[in-house]
Amino acid sequence: MPELPEVETIRRLLGPQLTGKRIAAVRFGAKRVTMHPGPAGVRRQLLGAAISKMGRRGKYLVFRLSNGRDLVLHLGMSGQVRRFGNVPMQPHEHMRLEFSDGETISFVDARRFGRVCVTDVGAVPRAIRGMARMGLEPVEKGYSAAYLGERLSGRRARVKTLLLDQRVACGVGNIYSDEALHRARIRPDRRAGSLKSPEVSRLAAALGDVLTDGIRWCGTTMRDGGYRLVDGGAGSFQDRLRVYGREGERCRRRGCKGVVRRQRLGGRSAHFCPVCQR
DNA sequence: CGCATATCCTGACTGC
DNA sequence: TGCAGTCAGGATATGC
C-alpha cells in the first residue's frame with residue numbers, strides 16, 4: 001500500500017544514491033508485469049542513460065533521465081524498490097537496473113499490481129491514463145479548503161471513497177484517508193456533499209498534516225510488510241496510526257473513550273471512531 | 001457524467 | 001499439521 005508518504009520516502013532515499021549514475025544493464029524477471037513499451041523497448045530507452053533527478057507525482061516514482069525520458073514506476077499494492085546487489089534474480093523481482101559503478105536497484109512486486117513505463121520527459125504515459133487527470137496533492141501549495149470543497153460539493157458518494165480518487169486527493173490511499181478523516185473528526189460514510197464548510201476546512205488541513213507526518217516517520221509498514229525501505233527496513237508511522245488497522249482498539253484521541261470500528265465502503269475497509277467522528 | 005461493482009494477483013491469515 | 005477459503009487494495013473497466 002505505498003501511498004504518497006511511502007513513495008516520497010523512497011524518492012528521498014534514492015535521490016542521493018542514484019543521481020548521476022549511468023544505467024549499464026537492465027534485467028527482467030520471468031513473470032509478466034505491466035510494462036510500457038514492453039521489456040525490449042524499456043531496456044532500449046534506459047541503457048546508457050544517467051539518472052539526473054529522482055521525482056514523484058502522487059504515488060508515482062519518476063526517475064528523470066539524461067536522455068530526455070522519464071522512467072515512471074507505480075508500486076501498486078505490494079511493490080518495493082530494493083537493493084539486492086549482484087545476486088541471482090530474486091522471487092517477484094521484475095526489473096533490475098545495474099549501474100556502471102556496480103550499484104543495482106530492483107523493482108519487486110509480489111502481487112504485480114505495479115507498473116513500469118518509460119516516456120518522454122513530462123509526457124503522460126500512455127499506459128497510465130489516470131496520471132493525466134491527477135489533481136493537486138494535499139501537501140502542495142494551492143491545496144485549500146476551496147479546492148477540496150469544489151471537488152466534494154454536490155457529490156453523493158461517501159467522502160472516504162472520494163478521497164481515494166487521485167483527482168480529489170492525489171497521493172492518498174486507504175491508510176491516509178482513514179487517518180485524515182479521523183483527525184478531521186468526520187465519519188468516512190458521510191456523503192461528500194453534506195460536509196459543512198468548517199468540516200471541509202478541517203479535512204483539507206488534516207490531509208496535508210497526515211501526509212506530512214507520514215513522510216516524517218518514513219511511511220507505514222504494516223504487518224504484511226508490503227512496504228519496505230530500499231535496504232529492507234521498515235517505516236515507523238504504523239506505530240502512530242490512530243484508526244487504520246485498529247478495529248476493536250481504543251480511539252487514540254485524547255479523552256475519547258470510543259472503540260475503533262471497521263466498515264466496508266466501496267470495496268475498501270474504512271476505520272473510524274464512532275464517538276468522535278461525526 | 002456519477003456512482004457502484006468487478007477485476008487483476010498472491011502472501012498472510014482463519015477455521016476446520 | 002494441512003488444506004481450503006477469505007482477505008487485503010490501486011487503478012481501471014464495465015454496467016446502470
Side-chain angles (χ1 to χ4, degrees), chain A residues 1-8 10 29-36 56-62 72-82 90-95 107-117 124-135 137-138 150-181 188-195 211 214 219-228 232 234 238 241 243-248 260-271:
Chain A
M1 298 141 257
E3 304 178 30
L4 187 152
E6 289 73 34
V7 179
E8 176 63 15
I10 292 167
K31 289 204 172 177
R32 289 169 53 99
V33 64
T34 302
M35 195 170 289
H36 182 86
R56 182 192 56 74
R57 176 87 174 98
K59 303 174 190 173
Y60 293 88
L61 192 58
V62 182
V72 180
L73 210 56
H74 194 289
L75 300 177
M77 278 200 36
S78 55
Q80 302 180 359
V81 178
R82 298 287 293 273
Q90 301 293 299
H92 307 304
E93 183 178 359
H94 302 297
M95 186 175 73
F107 168 55
V108 185
D109 184 12
R111 277 172 240 185
R112 289 189 276 150
F113 282 14
R115 41 190 68 200
V116 176
C117 190
V124 175
R126 294 178 66 88
I128 309 176
R129 306 206 352 221
M131 220 170 158
R133 304 190 296 256
M134 286 195 304
E137 301 176 1
E150 265 178 43
R151 280 152 186 79
L152 299 185
S153 75
R155 304 288 298 271
R156 265 187 61 78
R158 316 281 182 176
V159 59
K160 153 88 176 180
T161 306
L162 281 193
L163 289 183
L164 297 176
D165 185 331
Q166 301 302 291
R167 294 166 291 189
V168 175
C170 181
V172 171
N174 212 36
I175 297 175
Y176 294 93
S177 57
D178 280 0
E179 293 296 306
L181 286 163
D189 57 355
R190 286 275 301 280
R191 304 281 176 186
S194 79
L195 265 58
L211 293 178
T220 304
T221 301
M222 298 303 285
R223 249 151 50 99
D224 65 17
Y227 159 71
R228 292 270 162 199
Q238 63 277 8
L241 295 176
V243 284
Y244 184 85
R246 300 189 63 249
E247 182 184 18
V260 176
R261 284 222 314 248
R262 190 164 67 118
Q263 183 184 11
R264 203 90 194 145
L265 236 43
R268 297 292 170 263
S269 55
H271 307 74

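The sequence lines fix the lettering, A, B, ..., with proteins before strands; numbering per chain opens at 1.
Annotation: the terminal axes of the helix from dG2(B)-dC16(C) to dC16(B)-dG2(C) meet at 50°, where each axis is the rotation carrying the C1' atoms of four end pairs onto the next four (5 pairs per end, rounded to 10°).
A 4.5 Å side-chain heavy-atom check between M131(A) and V72(A) finds at least one atom pair inside the cut-off. No side-chain heavy atom of Q263(A) sits under 4.5 Å from any side-chain heavy atom of R158(A). Using a 4.5 Å cut-off on side-chain heavy atoms (C-beta onward), L265(A) and D189(A) make contact. Using a 4.5 Å heavy-atom threshold, the side chains of M222(A) and L241(A) count as touching. In this structure, R155(A) and R191(A) have side chains that are not in contact, with every pair of non-hydrogen atoms separated by 4.5 Å or more. H271(A) has its side chain out of reach of R246(A): every pair of non-hydrogen atoms, C-beta onward, lies at least 4.5 Å apart. Side-chain contact check for T220(A) versus Y244(A): every heavy-atom pair is 4.5 Å or farther apart.
Q166(A) has no side-chain polar atom (N or O) that falls below the 4.0 Å cut-off from OP1 or OP2 of dG10(C). Between K59(A) and the phosphate of dA11(C), there is a side-chain N or O to OP1/OP2 separation shorter than 4.0 Å. The shortest distance between the side-chain N/O atoms of H74(A) and the OP1/OP2 oxygens of dG10(C) is not below 4.0 Å. Residue Y227(A) places none of its side-chain N or O atoms closer than 4.0 Å to OP1 or OP2 of dG10(C).
Rounded to an integer number of Å, the gap from K160(A) NZ to dG9(C) C1' is 10 Å. Distance OH (Y60(A)) to C1' (dA11(C)): 7 Å, rounded to an integer number of Å. Atoms CE (M77(A)) and C1' (dC8(B)) sit 11 Å apart, rounded to a whole Å. Atom pair Q263(A):CD and dC7(C):P shows a separation of 16 Å (rounding to whole Å applied). As rounded to whole Å, 16 Å separates atom C1' of dG10(C) from atom CD of Q80(A). Put simply, CG on L75(A) is 11 Å from C1' on dG10(C), counting in whole angstrom units. In this entry the distance linking CZ of R115(A) with P of dC9(B) reads 12 Å, nearest Å. One can place CG of D165(A) at 10 Å from P of dA11(C), the figure rounded to the nearest angstrom.
A donor and an acceptor atom, one from each side chain of Y176(A) and E6(A), are located under 3.5 Å apart.
Each of E3(A), R268(A), K160(A) was scored for a side chain to side chain donor-acceptor pair (under 3.5 Å) with N174(A), with one residue passing: K160(A).
Atom OG1 of T221(A) is separated from atom CZ of R223(A) by 13.5 Å, given to the nearest 0.5 angstrom.
Counting non-hydrogen atoms under 4.0 angstrom, S269(A) reaches the backbone sugars and phosphates but no base.
Between the side-chain ring of F113(A) and the base of dA11(C), no stacking contact exists by the 5.5 Å and 30° definition.
Looking at R167(A), its side chain never comes within 3.5 Å of a backbone N or O of C170(A) through a donor-acceptor pair.
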ask   = What string of B, S and - do you get for nucleotides 1-6 of chain B, 5' to 3', when a contact is any protein heavy atom under 4.0 Å?
value = -SSS--
Using a cutoff of under 3.5 Å, can you pull out all pairs of nitrogen or oxygen atoms linking the protein to nucleotides 11-13 of chain B, with atom names and distances?
| unit_1 | atom_1 | unit_2 | atom_2 | d |
| --- | --- | --- | --- | --- |
| dG11(B) | OP1 | H92(A) | NE2 | 2.8 |

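Taking the six-membered ring where the residue is Trp, F107(A) and H94(A) present tilted rings, their angle falling between 30° and 60°.
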